[in-house]
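What follows is a set of notes on a single structure, which appears directly below.
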Amino acid sequence: MIEHFLPQVDFSSYEDFLAHFKVNVPDNFNFAYDVVDVYAEQQPEKEAILWSNDKGDVRHLTYREFKEETDRCASFLQSIGVERGDRVMLILKRRLEWWITMVALHKIGAVAIPATHMLTSKDITYRCYMAGISCIVACGDPAVLENVQKARRFCKMLNSCISIGPSVPNGWYDYHLGLREAEPFVRPERNRVTDNFLLYFTSGTTGEPKMVMHDYSYPLAHIITAKYWHNVHEGSLHMTLADTGWGKAVWGKFYGQMIAGATVFVYDYEGRFEPCDLLKVLQDFHITSFCAPPTIYRFLIREDISAYDLSALEYCTTAGEALNPNVFEEWKQKTGITIYESYGQTETTLVVGTYPWVKPRPGAMGVRNPQYHIDVLNEEGRPVKPMEHGELVIHVDGAKPLGLFKCYYRNDEMTEKRIMNNVYYTGDVVYRDEDGYLWFVSRADDVIKTSGYRVGPFEVESALMTHAAVVECAITAVPDEIRGQIVKATVVLSEPYRNRIKDNEEAVQSLVRVLQEHVKKETAPYKYPRIIEFVDELPKTISGKIRRVEIREKSAAQG
């Protein structure tokens, strides 16, 4: 399959990869027809998805079945009025129906909008209004159905709602009944590769979420994600731990993995994440390739990994936040496997990564993806020297690079603000070391300027996280008359330390001093937090990103 789109698949070095990697993009490419249906024709019994859940249910979906199910789903959606260009929101957790409905929407030419089940009725109303959503396909969980029902009263364009069950409210379509009764699917007119394809609402740390629109070329941009970062191959069983409401799902458990010939593994679970359950899944299903956020690896290394047989595991990757070096080292020590990092945004695909020919450096994002011409610019728009902080940008040079978003939907002003003079500004501060590796510092508006120094939150967070007392932390700036700003740490403690300082102010102050001294030893002393606050939990967006703006506002209110 992958050979259809790459003139050269194998590379001898990163330099070879950088010079010769290229993707052939057909003018009317459609992942549903050109990947799923082609597999169904040429390799009908090839396994597309291996799905399981925490109740012990397992389903193997071949490409023949995948095509049949998606054809029926597309026909059903058409029968209730879903047409090319319509915006359809999917709130389906990790249910198998998500993959089927996504491909069905691609076949129709409708725009898919994956969404998390954690949305409130207010969130759903906002999304319906902003995107003009005409249909919602939801899992049958009572809380999800209730929130959609509440929002529906205020959403005039929302013509139809579909439940996959077990509950199907009055006035809703029954997904499975609809598929059983569907007429044979008739392909509509083919799309253009530049047509609207996939829309995500970003979960920014400030302001309302923006609508990021991608076109039909987007799946091809994830060939690098799967083949050269996840390092999957024919016969791989790849698992990315992500809910389908987030962009990481299409990064890690869909497009690129299927094009590269891997089987997508899905673990559908309810309730709280349990590290021991995940290790058992990795063992029992013989997962060969695994990707998860650094937080998950932090939980896993606290378990007795030696009690599980992970011999099938070949490759591990992480993204979403920078990886603390101590986690990198401990995972390597306990499993023998290196973790490969990367960086990207909802607006992009993988921009920077560690590929098979690139030796990972703990905490470094890696080196650039050949699809993107990147740079690091200072506030005057000039390239910075190695080790100097600047904003990561992507040069557009008159043509949209493969993988870069099409626009902020219905927001030309925001699009023009982020893409100026043929340059896309990521809003992320990084630096490039002497060997070309890029290192994440912070979001541009999170940089702390103290006594003439620039301090990125992550470097202080990394230092704090190496102490046994710290489970999670966030670094923010607090205004200071003398220094301009000072560094504040908001810390969630591990249970033993939390119990140790409970109702004991002297113990609190002692632990503050211990953590301050620890940071001074782990990184440059001027970066240490002059204020440390202990909290039960950190404020986060619904996608799990720390809301530093909320911490700053709370600090300002407290004076």
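We use all heavy atoms of the structure for the numbers below, so side chains are in, but hydrogens, waters and symmetry mates are not.
Under the salt bridge (charged side-chain N to carboxylate O under 4.0 Å, His left out) criterion, no residue pair touches residues 381-396, with sequence neighbours excluded. The salt bridge (charged side-chain N to carboxylate O under 4.0 Å, His left out) contacts involving residues 498-509 comprise nothing, where partners must be two or more places apart or lie in separate chains.
Remark: Y269 OH is packed, more than 12 non-hydrogen atoms of other residues, nucleotides or ligands lying under 6.0 Å away. Heavy-atom neighbours of N421 CG from other residues, nucleotides or ligands within 6.0 Å: at or below the threshold of 12. By the neighbour-count criterion of 12 heavy atoms within 6.0 Å, atom NZ of K520 is densely surrounded, having more than that number from other residues, nucleotides or ligands. More than 12 heavy atoms of other shown residues, nucleotides or ligands fall within 6.0 angstrom of atom CG in D57.
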Would H222 and Y255 satisfy ring-ring contact (aromatic ring centres under 6.0 Å, His included), going step by step from the backbone distance to the final call? CA-CA 7 Å; H222 277 303; Y255 301 128; 7.0 Å; no
Could you walk me through whether D433 and L438 pass the side-chain contact (heavy atoms from CB on, under 4.5 Å) check? CA-CA 6 Å; D433 66 23; L438 286 117; over 6 Å; no
Steps toward ring-ring contact (aromatic ring centres under 6.0 Å, His included) verdict (F254, W98): CA-CA 11 Å; F254 200 6; W98 182 80; 5.5 Å; yes
Would you sort out whether K488 and S555 count as a side-chain hydrogen bond (donor to acceptor under 3.5 Å, both in side chains), showing the intermediate values? CA-CA 9 Å; K488 174 187 176 181; S555 297; 2.7 Å; yes
Residue pair E461, R548: steps toward the salt bridge (charged side-chain N to carboxylate O under 4.0 Å, His left out) verdict: CA-CA 13 Å; E461 291 166 2; R548 291 185 178 86; 2.7 Å; yes
Please walk me through it: do L300 and I296 pass side-chain contact (heavy atoms from CB on, under 4.5 Å)? CA-CA 6 Å; L300 293 179; I296 299 300; 4.0 Å; yes
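Checking each of K554, R552, R547 against E550 for a side-chain hydrogen bond (donor to acceptor under 3.5 Å, both in side chains) leaves exactly one that passes, namely R547. Just one of K55, R94, R95 meets the salt bridge (Lys or Arg N to Asp or Glu O under 4.0 Å) condition when paired with E270; it is R95.
In this pair, H214 and F405 present their aromatic rings perpendicular. The plane angle is above 60°, beyond the 30 to 60° band. Classification of the F290-Y297 ring pair by plane angle, with boundaries at 30° and 60°, yields perpendicular. Using cut-offs of 30° and 60° for the angle between ring planes, the H467 and Y497 rings count as perpendicular.
Between the SG atom of C128 and the CG atom of D123 there is a distance of 11.0 Å, given to the nearest 0.5 Å. Taking CG of L92 as the reference point, atom OG1 of T244 lies at 6.0 Å (rounded to 0.5 Å). Summarising the geometry, atom CD belonging to E472 is positioned 12.5 Å from atom CG belonging to L464; distances are rounded to the nearest 0.5 Å. If you take CG on L310 and CD1 on I337, they are separated by 7.0 Å, rounding to the nearest 0.5 Å. Note that CD of E330 is 7.5 Å distant from CG of N326, once rounded to the nearest 0.5 Å. The distance from atom CE of M211 to atom CZ of R410, rounded to the nearest 0.5 Å, is 6.0 Å.
A search for ring-ring contact (aromatic ring centres under 6.0 Å, His included) contacts involving Y372 returns nothing, not counting sequence neighbours. Judged as a side-chain hydrogen bond (donor to acceptor under 3.5 Å, both in side chains), and not counting sequence neighbours, the contacts of E347 are Y408. For the side-chain hydrogen bond (donor to acceptor under 3.5 Å, both in side chains) test, no residue two or more places apart in sequence or in another chain qualifies with E553.
Residues L199 and V212 form no side-chain contact, since every pair of their non-hydrogen atoms from C-beta on lies 4.5 Å or further apart. Residues H230 and C291 meet the side-chain proximity criterion, which asks for heavy atoms closer than 4.5 Å. Within the 4.5 Å cutoff, no side-chain heavy atoms of D243 are placed close to those of K248. Two residues are said to be in side-chain contact when any heavy atoms from C-beta on lie closer than 4.5 Å; M465 and R298 meet this criterion. Contact check for W251 versus L350: side-chain heavy atoms found under the 4.5 Å cut-off. At a threshold of 4.5 Å between non-hydrogen side-chain atoms, the residues P356 and Y315 count as touching. You'll find the side chain of L515 reaches within 4.5 Å of the side chain of F534, heavy atoms only. Side-chain contact between I224 and T349: absent, with no pair of heavy atoms (C-beta onward) separated by less than 4.5 Å.
Of all heavy-atom pairs between S311 and D309, the closest is OG-OD1, 2.7 Å. The two atoms that bring S167 and G140 nearest to each other are CB-O, 3.7 Å, heavy atoms only. Scanning all heavy atoms of the two residues, the minimum distance from I501 to A507 falls at CG2-O, 3.8 Å. Considering all non-hydrogen atoms of both residues, A307 and Q283 come closest at O-OE1, 4.2 Å.
The pair K527-E522 does not meet the salt-bridge criterion, since no charged nitrogen lies less than 4.0 angstrom from a carboxylate oxygen. Using a 4.0 Å cut-off between charged side-chain N and carboxylate O, E413 and K417 make no salt bridge.
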May I have the list of side-chain donor-acceptor pairs in residues 141-149 shorter than 3.5 Å, sequence neighbours left out?
residue	atom	partner	partner atom	Å
D141	OD2	K93	NZ	2.3
E146	OE2	K150	NZ	3.3
N147	ND2	L119	O	3.4
N147	ND2	A143	O	3.2
Q149	OE1	W172	NE1	3.2

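Side-chain atoms of T426 come within 3.5 Å of backbone N or O of L392 as a donor-acceptor pair. Not a single donor-acceptor pair under 3.5 Å links the side chain of T348 to the backbone N or O of L404. For Y126 (side chain) and P209 (main-chain N/O), a donor-acceptor pair under 3.5 Å exists by modelled atom type. Judged by distance alone, with hydrogens and angles left aside, the side-chain atoms of T116 form no donor-acceptor pair with the main-chain N or O of G245 at under 3.5 Å.
Here the two rings, on Y340 and W229, have centers that are 6.0 Å apart or farther. Taking the six-membered ring for Trp and the full ring otherwise, Y267 and F265 have centroids separated by 6.0 Å or more.
For R361 and Y437, the positive end sits near the middle of the six-membered ring, less than 6.0 Å away and at most 45° from its axis.
There is no side-chain donor-acceptor pair under 3.5 Å between R127 and Y129. Side-chain atoms of Q345 and D428 form a donor-acceptor pair, as typed in the model, at a separation below 3.5 Å. When only modelled atom types and interatomic distance are considered, D412 and T415 share no side-chain donor-acceptor pair under 3.5 Å. No hydrogens or angles considered: nothing links the side chains of T288 and H286 as a donor-acceptor pair under 3.5 Å.
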